[in-house]
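A short write-up of the structure that comes next.
Along the sequence shown, the residues carry numbers beginning at 1.
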Amino acid sequence: MRKLIEYDHLSIDGRFSGDDWWAAQMKVAPNDNHFDYQLRLLEQAAGLVLGRVTYERFAATWPTMTGDLADKVNSLPKHVASTTLTETTWNAEVLTGDAIDAVAQLKESGDGTLVKYGNGSFSRALVEAGLLDELHLSISPFVAGSGESLLSGISTTPMNLTGVTDIGNGAVVLAYTPSR
């Protein structure tokens, strides 16, 4: 059975979007430790799980990038949750039927890990369905003050801290597993 890991970038106040968030995030330059962490996360990956918006943003930028991380991201199969996409590129397929059921089937279909990038309602639905095995939160050293928070509206979900990694520039990655 595959493991599903979500990786997200957040501000200290738990935000992942908004004009203030993007402006502050651009001032926190990622470094080699940041890229190395993601590459290690993807080493055993059998594929990526993405929502439509993340897929479209990634497909517009990652194919033009170079380096070990870009090579890995670009080579992996992408599984996209969308009710509106009819065609994909970049080694991607749209998950058919209910996205949560499709991810459950993906988890059952082999070994390795599935890494999910992106956030929002799809992330919340995966947590609520009990499909998320690990949550890796890259916390950047700024307070956004506004914007959407990662898991707002979700029911109480206890988590266990399984790792803390200092990736430099004041950023850390906190790894959690849901208490089951």
Side-chain angles (χ1 to χ4, degrees), residues 1-11 14-18 21-22 25 37-63 65 69-70 72-139 147-160 162 173-180:
M1 180 175 196
R2 292 177 174 162
K3 182 189 307 185
L4 179 62
I5 300 171
E6 179 160 338
Y7 183 88
D8 287 301
H9 295 281
L10 301 173
S11 58
R15 310 296 179 166
F16 69 85
S17 70
W21 187 89
W22 281 108
Q25 183 66 33
Y37 186 94
Q38 288 190 66
L39 191 56
R40 284 192 309 275
L41 192 62
L42 294 170
E43 283 176 350
Q44 300 300 313
L48 301 180
V49 175
L50 310 166
R52 180 193 54 83
V53 172
T54 302
Y55 163 74
E56 288 176 340
R57 288 180 181 161
F58 277 26
T61 57
W62 277 101
M65 300 172 94
L69 181 60
K72 185 64 174 173
V73 168
N74 288 324
S75 70
L76 287 169
K78 286 84 177 166
H79 308 280
V80 184
S82 175
T83 57
T84 57
L85 279 179
T86 57
E87 294 182 23
T88 59
T89 60
W90 191 48
N91 196 21
E93 67 172 0
V94 176
L95 296 171
T96 58
D98 179 76
I100 300 305
D101 291 340
V103 171
Q105 290 174 6
L106 272 175
K107 286 185 66 170
E108 294 289 333
S109 69
D111 295 320
T113 59
L114 297 167
V115 177
K116 184 189 170 298
Y117 288 103
N119 30 53
S121 60
F122 187 36
S123 294
R124 290 187 286 274
L126 290 169
V127 172
E128 291 279 0
L131 293 175
L132 192 67
D133 297 296
E134 294 180 19
L135 179 61
H136 293 234
L137 302 174
S138 176
I139 310 295
E148 191 173 356
S149 67
L150 182 63
L151 296 170
S152 60
I154 196 168
S155 61
T156 301
T157 306
M159 298 271 186
N160 298 312
T162 59
V173 177
L174 305 175
Y176 292 94
T177 57
S179 299
R180 297 181 199 213

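Although no hydrogens or angles enter the test, the distance criterion places no donor-acceptor pair under 3.5 Å between the side chain of K78 and the main chain of Y55. Not one N or O on the side chain of D133 forms a donor-acceptor pair closer than 3.5 Å with the backbone of I5. Not a single donor-acceptor pair under 3.5 Å links the side chain of R2 to the backbone N or O of T113. With S17 contributing its side chain and E148 its backbone, the two residues share a donor-acceptor pair below 3.5 Å.
Counting heavy-atom neighbours within 6.0 Å of K3 NZ, excluding the residue itself, gives a total of 12 or less. Around atom CD of E93, more than 12 heavy atoms belonging to other residues, nucleotides or ligands sit under 6.0 Å away.
Contact annotation: the side chain of L106 approaches that of L95 to within less than 4.5 Å [non-hydrogen atoms, C-beta and beyond]. Proximity of S75 to N91: side-chain heavy atoms (C-beta onward) are nowhere separated by under 4.5 Å.
Screening L126, D8, V103 for a side-chain contact (heavy atoms from CB on, under 4.5 Å) with K116, the sole residue that qualifies is L126.
Using modelled atom types and a 3.5 Å distance limit, the side chains of S123 and E6 yield a donor-acceptor pair.
Contact record, A129 with I100: CB-CG2, 3.6 Å, taken as the closest heavy-atom pair. Across every non-hydrogen atom of A46 and L76, the tightest pair is C-CD2, 4.2 Å. When every heavy atom of G120 is checked against every heavy atom of F16, the shortest pair comes out as N-CZ, 4.0 Å. The two atoms that bring V49 and F122 nearest to each other are CG1-CE2, 3.7 Å, heavy atoms only. Between V115 and A45, the closest heavy-atom pair is CG2-CB, 4.2 Å.
Interatomic distance, CG of L69 versus CH2 of W62, reported as 4.0 Å (0.5 Å rounding). The distance from atom CG of N160 to atom OG1 of T177, rounded to the nearest 0.5 Å, is 4.5 Å. In this structure, CZ in R124 is found 12.0 Å from OG1 in T157, a value given to the nearest 0.5 Å. One finds the CG atom of L137 at 5.0 Å from the CD1 atom of I139 (value rounded to the nearest 0.5 Å). Taken from OH in Y37 to CG in L42, the straight-line distance is 11.0 Å, to the nearest 0.5 Å. Note: L4 CG to L131 CG = 7.0 Å, rounded to the nearest 0.5 Å.
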Please determine whether side-chain contact (heavy atoms from CB on, under 4.5 Å) holds for the pair E43 and R40, giving the CA-CA distance in whole Å, both sets of side-chain angles, and the decisive distance to 0.1 Å. CA-CA 5 Å; E43 283 176 350; R40 284 192 309 275; 4.2 Å; yes
Checking H136 against L41 for the side-chain contact (heavy atoms from CB on, under 4.5 Å) test, could you report, in this order, the C-alpha distance in whole Å, the side-chain angles of both residues, the deciding distance, and whether it holds? CA-CA 10 Å; H136 293 234; L41 192 62; 3.8 Å; yes
Show the numbers, then the answer: is there a side-chain contact (heavy atoms from CB on, under 4.5 Å) between E56 and L85? CA-CA 10 Å; E56 288 176 340; L85 279 179; 3.7 Å; yes
Criterion side-chain contact (heavy atoms from CB on, under 4.5 Å) on V127 and L135, from CA distance to verdict: CA-CA 9 Å; V127 172; L135 179 61; 5.9 Å; no
